[in-house]
Number of protein chains: 2
Amino acid sequence: MKQTKDDRRVERTRKLLHEALPALILEKGYEAVTVQDILDRANLGRSTFYSHYRDKDDLLLKGFDYLRAMMEKQHRSVAGKARGKGAGFNLSLELFRHAQENHRLYKAMVGKRSGQMIIRQAHKYLSGLLKEHIAPLANTKKSAVPVDLTVDWLVSSFLSVLTWWLDRNMPCTAEKIDELFRQLTMPGIQAGLGFELQ
Amino acid sequence: MKQTKDDRRVERTRKLLHEALPALILEKGYEAVTVQDILDRANLGRSTFYSHYRDKDDLLLKGFDYLRAMMEKQHRSVAGKARGKGAGFNLSLELFRHAQENHRLYKAMVGKRSGQMIIRQAHKYLSGLLKEHIAPLANTKKSAVPVDLTVDWLVSSFLSVLTWWLDRNMPCTAEKIDELFRQLTMPGIQAGLGFELQ
DNA sequence: TTCAATACTGAACACTCTGTTCTATTTCAA
DNA sequence: TTGAAATAGAACAGAGTGTTCAGTATTGAA
């Protein structure tokens with residue numbers, strides 16, 4: 001099923017819209033960006049926008065979906081290479097790395113000027129990931145802290161460290177910021193989930 | 001300098017406005033609340049609102065100022081009673097307690113339906129408090145983590161635990177949630193600030 | 001090359017919300 | 001009682017939203 005030229009045309013239009021938004025968010029903050037701003041930047045007509053997206057939020061959320069898909073694709077590729085039994089897997093480091101490679105996009109999404117909705121979305125998504133990857137490991141007998149509280153806290157912790165790092169234009173490597181993140185949160189995770197780490 | 005009746009009248013008007021907002025935030029979320037909603041709820045005229053506040057954000061921020069002043073007053077009173085040298089001082093527990101006593105207001109301010117602006121304001125305020133109370137204790141030689149990162153992280157951690165607790169209608173006591181908060185964050189603080197706690 | 005389908009343009013529109021202005025009314029203090 | 005201050009609320013201009021629609025451009029197929 002070959003992609004028609006019309007399909008590519010639509011894709012190109014959407015890409016123009018998606019690429020216009022982050023820059024505008026970084027310039028004036030998400031709330032202040034108007035649909036007209038996006039249109040002017042992307043050089044598109046008003047009705048074109050509304051034929052593709054319901055509103056500004058919809059555009060942003062679909063941008064987030066795109067980012068997430070990109071991240072998951074990269075993850076599968078990384079995970080594929082290191083398919084040893086003890087290879088483990090470092091979610092936060094992967095995220096820091098991915099954020100570094102797409103820092104403009106990440107900064108617009110989770111940085112100081114982003115909208116609350118996208119932060120919530122990111123929080124929700126990461127909570128889901130964590131519940132899937134980490135919560136099953138919890139030893140509920142040893143742990144004194146409810147698992148969902150621990151997950152919420154850990155996601156907030158991660159996002160705050162990520163935001164700090166991005167808003168200061170990544171003053172250190174992804175590996176270093178991940179190490180700092182782990183120093184701050186690892187012992188708490190042990191208390192929260194009731195297990196000892198390697 | 002006696003307070004005139006006109007002064008009291010103004011005060012009453014402002015109180016009506018301040019009391020209308022939290023309920024509306026909890027109902028439909030801060031963003032969705034219009035000035036007209038507030039006016040209808042408070043039974044006041046449009047021009048009255050704008051003679052007291054610049055806009056909706058201004059009203060919310062002054063509400064936050066009020067909350068902060070209330071909290072600081074209570075703190076001084078508590079600190080006054082326990083004025084021993086080793087009495088120490090448990091900021092997070094005081095905040096959890098104050099939140100419990102004013103949970104509707106706190107929930108509107110920092111809960112899931114609040115606005116991003118007020119979260120930022122709260123973050124800024126708490127960061128200031130922490131920098132004042134805790135950062136001077138940091139042992140920069142031992143600590144591997146930048147102090148401002150640690151402070152940012154700790155404030156985010158606190159707000160996430162507070163939000164979890166409030167949004168679930170405080171399923172445990174203030175003392176218990178404070179204990180959980182400390183279990184999650186204390187070891188990280190030691191790593192972040194490079195000192196041992198009592 | 002022609003033509004119908006599809007995608008985009010952009011003006012016009014109704015709508016909601018904002019913040020200001022202005023006149024009338026109420027409340028208060030002296 | 002009267003002047004000053006506070007409030008009421010209608011009217012207004014302006015910004016932004018999301019829809020509609022007639023017209024233009026591009027595409028795929030005959």
Side-chain angles (χ1 to χ4, degrees), chain A residues 1-63 113-118, chain B residues 1-63 66 108 113-118:
Chain A
M1 185 65 104
K2 179 92 169 56
Q3 203 183 30
T4 70
K5 276 204 180 176
D6 259 1
D7 284 344
R8 275 194 290 279
R9 197 180 167 199
V10 165
E11 218 169 78
R12 184 180 135 276
T13 299
R14 292 195 174 143
K15 200 177 167 197
L16 282 173
L17 289 169
H18 277 295
E19 286 175 351
L21 188 51
L24 286 165
I25 291 175
L26 295 179
E27 280 166 32
K28 38 168 41 189
Y30 178 69
E31 315 258 293
V33 175
T34 68
V35 171
Q36 199 55 53
D37 289 335
I38 301 170
L39 265 28
D40 292 346
R41 188 65 61 103
N43 259 305
L44 291 171
R46 187 163 191 72
S47 55
T48 305
F49 178 90
Y50 285 103
S51 74
H52 288 286
Y53 302 100
R54 199 164 30 78
D55 51 25
K56 200 176 60 161
D57 285 5
D58 191 32
L59 176 63
L60 186 64
L61 287 179
K62 297 224 164 96
R113 320 213 57 155
S114 100
Q116 189 169 31
M117 181 203 46
I118 199 69
Chain B
M1 182 66 103
K2 179 89 171 56
Q3 203 182 31
T4 69
K5 277 207 179 175
D6 259 2
D7 284 345
R8 275 193 291 277
R9 196 181 168 198
V10 165
E11 219 169 79
R12 184 181 136 276
T13 299
R14 292 195 174 145
K15 200 178 167 196
L16 282 173
L17 290 169
H18 276 295
E19 287 175 351
L21 188 51
L24 287 165
I25 291 175
L26 295 180
E27 280 167 32
K28 37 159 60 181
Y30 178 70
E31 316 258 293
V33 175
T34 68
V35 172
Q36 198 56 53
D37 290 334
I38 302 169
L39 265 29
D40 292 346
R41 188 65 61 102
N43 259 307
L44 292 171
R46 187 164 190 73
S47 57
T48 305
F49 178 90
Y50 285 103
S51 73
H52 288 286
Y53 303 101
R54 198 164 32 76
D55 51 25
K56 198 176 62 160
D57 286 5
D58 191 33
L59 175 64
L60 186 63
L61 287 179
K62 296 223 164 99
Y66 172 72
R113 320 214 56 156
S114 99
Q116 190 168 29
M117 180 202 48
I118 199 69

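Numbered from 1 within each chain, the chains take letters A, B, ... in sequence-line order.
For the pair B:Glu31 CD and D:dT17 P, the interatomic distance rounds to 14 Å; values are reported in whole Å. Between A:His52 atom NE2 and C:dT6 atom P there is a gap of 14 Å when expressed in whole angstrom units. As rounded to whole Å, 19 Å separates atom C1' of D:dT19 from atom OH of A:Tyr53. When rounded to the nearest whole Å, the span between CD of B:Glu11 and C1' of D:dA6 equals 14 Å. Across the protein-nucleic acid pair, A:Leu44 atom CG and C:dG10 atom C1' stand 12 Å apart, rounded to whole Å. Atom-to-atom, CZ of B:Arg54 to P of C:dC17 comes out at 21 Å; the value is rounded to the nearest Å. Put simply, CG on B:Leu16 is 16 Å from P on D:dA6, counting in whole angstrom units. Rounding to whole angstrom units, CZ of residue A:Phe49 and C1' of D:dT19 are separated by 14 Å.
Each of C:dC8, C:dA12, C:dT18 was ranked by its minimum atom distance to the side chain of B:Val35; first place goes to C:dT18. For A:Arg46, the listed nucleotide lying nearest its side chain is D:dT17; candidates were C:dT9, D:dT17, D:dT7. Set against D:dG18, C:dC8, C:dG19, the side chain of A:Arg9 has C:dC8 as its closest nucleotide.
Results of the side-chain contact (heavy atoms from CB on, under 4.5 Å) test with A:Tyr30 over A:Lys56, A:Arg113, A:Gln116 single out A:Lys56 as the only residue that passes. When each of A:Leu60, A:Leu59, A:Ile38 is paired with A:His18, the side-chain contact (heavy atoms from CB on, under 4.5 Å) condition holds for A:Leu59 and for no other.
Residue B:Thr34 is in sugar-phosphate contact alone, with no base atom involved, counting any heavy-atom pair closer than 4.0 Å across all strands shown. Nucleic acid contact for A:Asn43: sugar-phosphate only, since backbone atoms but no base atoms lie under 4.0 Å from a heavy atom of the residue.
Surrounding NZ of A:Lys28 are more than 12 heavy atoms belonging to other residues, nucleotides or ligands, all under 6.0 Å away.
Applying the 4.0 Å criterion to OP1 and OP2 of C:dT9, one finds that A:Ser47 has every side-chain N and O outside that range. Proximity of B:Tyr50 to the phosphate of C:dG19: a side-chain N or O atom is located under 4.0 Å from OP1 or OP2. For the pair A:Thr13 and C:dC8, the criterion of a side-chain N or O lying under 4.0 Å from OP1 or OP2 is met.
Nearest heavy-atom pair, B:Asp55 versus B:Asp58, reported as atom, atom and distance to 0.1 Å: OD1-N, 2.9 Å.
Between A:Asp37 and A:Arg41 no salt bridge is recorded (no basic side-chain N to carboxylate O distance below 4.0 Å).
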